[in-house]
Amino acid sequence: MNKFENYCTKFVQSIGSKEGAVSPTIVASASFSYKTPEIAEGIFDGSIKKPLYSRMGNPTTARLESAMVEMDGGIGAVATSSGMGATTLAIMSLVSQGDEIISIGGLFGGTYSLFDETLSRFGIKTTFFDVDEFDAIKNAINDNTKVIFLESVGNPNMRLPDIAKIADIANNAGVALIVDNTITPLSISPLSLGADITVYSTTKIISGNSSALGGCVVFRAINKNVDKFKTARYSFLSKFIKGAGEMALIPNAKKRALRDFGMSANAHASYQTMLGLETLALRLPRIVKNIEIIALELAKNSLHVNHPCLPSHPHHTRYKEAFQYGCGTLLTIDMQTKEKAYSFLRKTKLATITANIGDSRTLALHMASTIYSDFDEKTRKFLGITDGLIRISIGLENPQDIIDDFLNAAK
Ligand SMILES: *Cc1c(COP(=O)(O)O)cnc(C)c1O
């Protein structure tokens with residue numbers, strides 16, 4: 001069965017209830033009472049599975065986490081207050097001062113500044129690579145490398161990684177691979193390709209309508225026999241493996257990041273996110289189809305469109321072979337100059353000018369003057385940010401309406 005079709009059944013069935021309230025219940029309480037001191041002790045030592053305090057987990061959020069685990073085929077998940085919260089949680093659960101991160105592809109502006117500015121202040125070094133620099137990536141791995149971080153689609157450079165090949169490099173070296181799969185939920189399943197952890201901004205296509213900020217981290221199981229997380233590189237994990245076995249990455253993330261940084265999801269946002277997730281498998285294939293129609297037609301009309309469905313794209317073959325379910329909601333148009341880009345944005349009647357992506361509506365933004373305005377020339381070049389670059393996130397509209405509007409706006 002087509003992957004999307006399969007998830008149409010899964011999501012609605014796992015989010016709705018067969019008894020009582022059909023729609024998930026919002027448990028808005030920040031704290032939970034334990035009834036007896038013995039139960040309190042059991043909840044705190046983990047032997048009793050009941051809510052402790054909403055910073056550490058909430059029943060509504062747990063429902064969202066289960067659906068996300070089901071989507072990605074992991075063993076557990078932690079939902080967070082935002083996508084940046086998810087990336088921060090995943091990274092901070094694995095790194096200490098003196099450790100190194102290898103970052104491949106992309107990169108989302110917030111993630112870039114987290115790695116390059118913020119984490120470097122705490123003695124955590126990141127080196128950045130293009131998706132196809134396989135030898136340089138291998139050579140950069142050393143004893144201090146704790147994380148290889150990869151974006152499933154370059155945002156906004158639209159380069160596609162060979163996820164399975166990068167996972168092989170990570171697995172052979174015994175280093176954790178985290179994939180930011182925000183742009184390609186469902187379409188790409190990083191854990192089945194050999195990644196260890198996926199991170200999401202659920203704010204984007206998972207919620208799908210700008211109604212809730214949120215994020216989620218999904219973890220794979222620790223292997224009972226041999227596992228890279230059982231090696232000296234991750235010695236801090238051994239106590240969690242002893243206590244929680246194959247679930248170890250979840251208590252590790254909660255105790256080493258969520259508890260102290262507090263990037264916890266709130267119940268209202270988790271509820272809203274589930275309403276979006278319920279229809280993700282219906283919305284995404286339409287957008288993936290729309291985006292191909294729109295990219296081909298705009299390119300035919302001599303616009304400088306960047307999307308891997310175009311035969312001229314350097315990763316066109318990879319797109320056809322490894323991204324059969326599309327590469328998300330983005331394409332870019334290079335209008336060549338800032339003036340022409342601004343003119344396009346002033347003239348478009350359908351695109352909403354905003355920094356968001358992955359919405360029911362088509363969205364657009366000039367990159368150099370907004371998200372990347374305080375990035376230096378060299379970094380912009382590395383990230384593919386040119387003066388006339390507009391990032392477009394295609395929505396659910398009729399594709400011909402978008403084509404007509406864009407061709408008019410580009411005049
Ligand atoms: C938006 C985004 C993030 C950050 O998510 P927020 O919910 O805005 O914090 C991270 N990665 C990618 C690829 C994104 O598009």
Side-chain angles (χ1 to χ4, degrees), residues 61 64 68 72 77-92 101 103-119 126 128 131 147 149-161 163 178-188 190 195 197-218 257-258 261-266 268-270 272-273 276-277 280 284 287 291 323 326-332 354-359 363-365 367 370-372 383-385 389 391-395:
T61 298
L64 168 64
M68 292 293 293
D72 262 6
V78 180
T80 55
S81 53
S82 69
M84 281 316 299
T87 299
T88 305
L89 177 126
I91 296 281
M92 295 315 267
I101 298 168
S103 170
I104 304 172
L107 198 63
F108 177 72
T111 310
Y112 185 86
S113 50
L114 170 70
F115 290 168
D116 195 52
E117 284 180 38
T118 305
L119 291 183
T126 304
F128 298 89
V131 288
V147 171
F149 188 92
L150 173 68
E151 256 180 32
S152 62
V153 178
N155 167 14
N157 72 11
M158 300 307 298
R159 289 177 65 72
L160 300 181
I163 300 176
I178 301 176
V179 176
D180 181 342
N181 202 35
T182 298
I183 309 210
T184 47
L186 288 189
S187 302
I188 294 291
I197 299 170
T198 46
V199 301
Y200 291 92
S201 166
T202 57
T203 317
K204 313 294 168 56
I205 192 65
I206 291 178
S207 284
N209 51 24
S210 200
S211 60
L213 193 70
C216 195
V217 187
V218 185
L258 189 69
F261 290 106
M263 63 286 267
S264 323
N266 77 75
H268 290 277
S270 297
Q272 207 70 45
T273 303
L277 186 61
L280 175 65
L284 195 55
I287 294 178
I291 209 163
F323 289 74
C327 65
T329 70
L330 298 182
L331 59 81
T332 63
T354 174
N356 195 18
I357 58 170
D359 198 283
L363 315 176
L365 191 68
M367 294 281 94
T370 59
I371 296 175
Y372 299 93
L383 297 174
I385 314 299
L389 194 72
R391 181 184 69 192
I392 309 278
S393 177
I394 295 295

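Along the sequence shown, residues are numbered consecutively beginning with 1. Only a predicted model underlies this, so the values are computations on that prediction, with no experimental measurement involved. First listed ligand is number 1; within each ligand, the first listed atom is number 1.
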Proximal ligand 1 atoms for Gly214, defined as those under 4.0 Å from one of its heavy atoms: 7 (O)
I'd like to know if the side chain of Arg391 and the backbone of Ala355 have a donor-acceptor N/O pair within less than 3.5 Å. yes
Taking only heavy atoms of Asn155, which atoms of ligand 1 are found under 4.0 Å from at least one of them? 15 (O)
Is Ala86 close enough to touch ligand 1? Criterion: a residue heavy atom under 4.0 Å from a ligand atom. no
Okay, side chain of Thr203, backbone of Leu213: is any donor-acceptor separation there less than 3.5 Å? no
Please name the pair of heavy atoms, one in Ala212 and one in Gln272, separated by the smallest distance, quoted to 0.1 Å. CB-CB, 3.8 Å
Side chain or backbone, does Thr203 bring an N or O within less than 3.5 Å of an N or O on ligand 1? yes
Can you tell me the protein heavy atom closest to atom 6 (P) of ligand 1 and the distance? Gly83 N, 3.3 Å
Give me the residue, atom name and distance of the protein heavy atom closest to atom 12 (C) of ligand 1. Asp180 OD2, 3.4 Å
Give the residue and atom name of whichever protein heavy atom lies nearest to atom 9 (O) of ligand 1, and the separation in Å to one decimal. Met84 N, 2.9 Å
Taking all non-hydrogen atoms of both residues, which atom of Ser201 and which atom of Thr182 are closest, and how far apart? N-OG1, 2.9 Å
What residue and heavy atom of the protein are closest to atom 14 (C) of ligand 1, and at what distance? Lys204 NZ, 2.9 Å
Among protein heavy atoms, which lies nearest atom 4 (C) of ligand 1, and at what distance? Phe108 CE2, 3.4 Å
Thr111, any N or O under 3.5 Å of ligand 1 N or O: no
Between Thr202 and Thr273 (side chain of the first, backbone of the second, donor and acceptor by atom type, cut-off under 3.5 Å), is there such a pair? no
Side-chain donor or acceptor of Asn181 paired with backbone N/O of Ile188 under 3.5 Å: yes
May I ask you to check whether Thr87 has an N/O atom sitting below 3.5 Å from an N/O atom of ligand 1? no
Working note: Cys327 + Leu160, criterion side chain to side chain contact (heavy atoms under 4.5 Å, CB included); need CA distance, chi angles, decisive distance, verdict. CA-CA 8 Å; Cys327 65; Leu160 300 181; 3.9 Å; yes
Nearest non-hydrogen partners of Ile394 and Ile287, listed with the distance: O-CG2, 3.3 Å
